[in-house]
Amino acid sequence: MFIEKKYKDNKELAEVFADRFAHLINEMKDQERINVLLSGGNTPKQLFQNLSKYYNNRIPWEKVHLYWGDERCVPNNHKESNYNMTKKNLIYFVDIPNENVHRIIGENKPELEAVRYSAEIRNNVPLKANWPVFDIVLLGIGTDGHTASIFPNNIKIINSDSVCKAVRHPNTGQQRITVTGKVINNAKYVIFLVSGSNKAVILDKIINKKQGYENYPAANISTKHGVIEWYVDNDAAELI
Ligand code: 6PG
């Protein structure tokens with residue numbers, strides 16, 4: 001893993017990746033569908049706002065299908081809902097058909113929703129070696145080295161044979177649904193978006209393979225057929 005370029009801040013990172021995202025989507029525009037797995041949290045907000053502001057007419061949104069790599073088990077209008085954040089920063093502002101938005105239903109019983117969402121992905125996303133192949137996967141990294149909602153205390157989910165699992169946040173106990181490692185590692189493009197000085201220590205440990213790095217889920221993302229790209233700002237990369 002190596003960081004080719006460091007960006008000034010999240011604003012620049014989001015500007016550059018928005019353009020890259022549009023380029024990748026347009027490269028795939030002859031596909032029937034372009035399946036994108038979104039990350040949640042705060043980092044992608046700026047990216048979504050850029051896409052909303054400048055790319056509605058520069059991306060064939062009718063081809064783009066949005067899925068989530070993880071979701072908090074809360075109502076879809078809850079302030080912590082990843083779907084709600086995406087709706088308010090992206091979905092409301094681009095011409096994407098409702099049927100192209102495949103949200104995780106946070107209101108459902110978690111174990112049942114993990115099964116339901118696994119089936120929704122399997123039934124709609126092309127399979128390779130019996131695993132769904134997303135075209136683009138966006139990922140963030142938590143300060144504890146989690147990615148999606150695969151946390152260090154549950155790292156075995158990286159190799160789970162399920163597409164999705166119901167998990168709990170190790171600190172808050174919040175219930176979540178997450179895709180598993182094999183789904184992420186089967187993607188064509190895996191994009192890490194990492195911003196902020198609070199990520200500097202964990203990024204250093206992962207990128208420079210410091211002792212114990214392999215215990216961080218984000219360090220276990222390695223695409224089988226695809227490409228991993230890093231979009232990191234100077235604050236997050238200050239120790240690299
Ligand atoms: C979530 C995310 C999670 C996120 C990291 C980084 O639901 O929280 O999917 O994996 O990407 O926690 O979050 P920030 O972007 O808020 O730092």
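From a predicted model like this one, the values you see are computed outputs, not experimental measurements.
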Taking every non-hydrogen atom, the tightest pair across [X] and [Y]:
X: Ala22; Y: Arg58; value: CB-O, 4.5 Å
X: Ile184; Y: Val179; value: CG1-CG2, 3.9 Å
X: Asn35; Y: Pro126; value: ND2-CD, 3.5 Å
X: Gly173; Y: Arg168; value: O-NH1, 2.7 Å

Is the Tyr67 ring parallel, tilted or perpendicular to the His102 ring (thresholds 30°, 60°)?
parallel
Does any donor atom in the side chain of [X] or [Y] lie under 3.5 Å from an acceptor atom in the other side chain?
X: Trp68; Y: Thr86; answer: yes
X: Glu15; Y: Gln46; answer: no
X: Lys45; Y: Asn42; answer: yes
X: Asp144; Y: Tyr216; answer: no
X: Asn84; Y: His78; answer: no
X: Asp70; Y: Ser149; answer: yes
X: Arg33; Y: Gln31; answer: no
X: Asp233; Y: Ser195; answer: yes

Do side-chain atoms of [X] reach the backbone of [Y] as a donor and acceptor pair under 3.5 angstrom?
X: Thr147; Y: Gly140; value: yes
X: Lys6; Y: Ile240; value: yes
X: Lys199; Y: Ile141; value: yes
X: Trp61; Y: Tyr55; value: yes
X: Asn56; Y: Asp95; value: yes
X: Gln175; Y: Arg72; value: no
X: Asn100; Y: Ile96; value: no
X: Asp9; Y: Lys11; value: yes
X: Ser52; Y: Phe93; value: no
X: Glu113; Y: Ile105; value: yes

Go through the steps for Lys8 and Asp235 under the test salt bridge (charged side-chain N to carboxylate O under 4.0 Å, His left out), then give the verdict.
CA-CA 8 Å; Lys8 188 161 60 74; Asp235 284 348; over 6 Å; no
How long is the span from the [atom1] atom in [X] to the [atom2] atom in [Y], to the nearest 0.5 Å?
X: Thr180; Y: Asp161; atom1: OG1; atom2: CG; result: 8.5 Å
X: Lys29; Y: Glu62; atom1: NZ; atom2: CD; result: 11.0 Å
X: Ile157; Y: Ser162; atom1: CD1; atom2: OG; result: 9.0 Å

What I'd like to find out is whether the side chain of [X] reaches to under 4.5 Å of the side chain of [Y], using heavy atoms alone.
X: Ile207; Y: Lys209; answer: no
X: Tyr83; Y: Ile91; answer: yes
X: Leu66; Y: Leu90; answer: yes
X: Ile177; Y: Lys165; answer: no
X: Val137; Y: Val183; answer: no
X: Gln174; Y: Cys73; answer: no
X: Phe134; Y: Ile121; answer: yes

Following the transitive rule for hydrophobic clusters with a side-chain heavy-atom cut-off under 4.5 Å over Ile, Leu, Val, Met, Phe, Trp and Tyr, establish whether [X] and [Y] coincide in one cluster.
X: Val163; Y: Leu127; value: no
X: Val125; Y: Val115; value: no
X: Leu139; Y: Val133; value: no
X: Val94; Y: Met85; value: yes
X: Val232; Y: Val201; value: no

Can you establish whether the number of heavy atoms outside [X] located under 6.0 Å from its atom [atom1] is more than 12?
X: Lys63; atom1: NZ; value: yes
X: Glu214; atom1: CD; value: yes
X: Lys87; atom1: NZ; value: yes
X: Lys5; atom1: NZ; value: yes
X: Glu99; atom1: CD; value: yes

Between Tyr231 and Phe192, does the ring centroid distance fall short of 6.0 Å?
no
Tell me whether Arg20 forms a cation-pi arrangement with Phe17, defined as NZ or CZ under 6.0 Å from the six-membered ring centre and within 45 degrees of its axis.
no
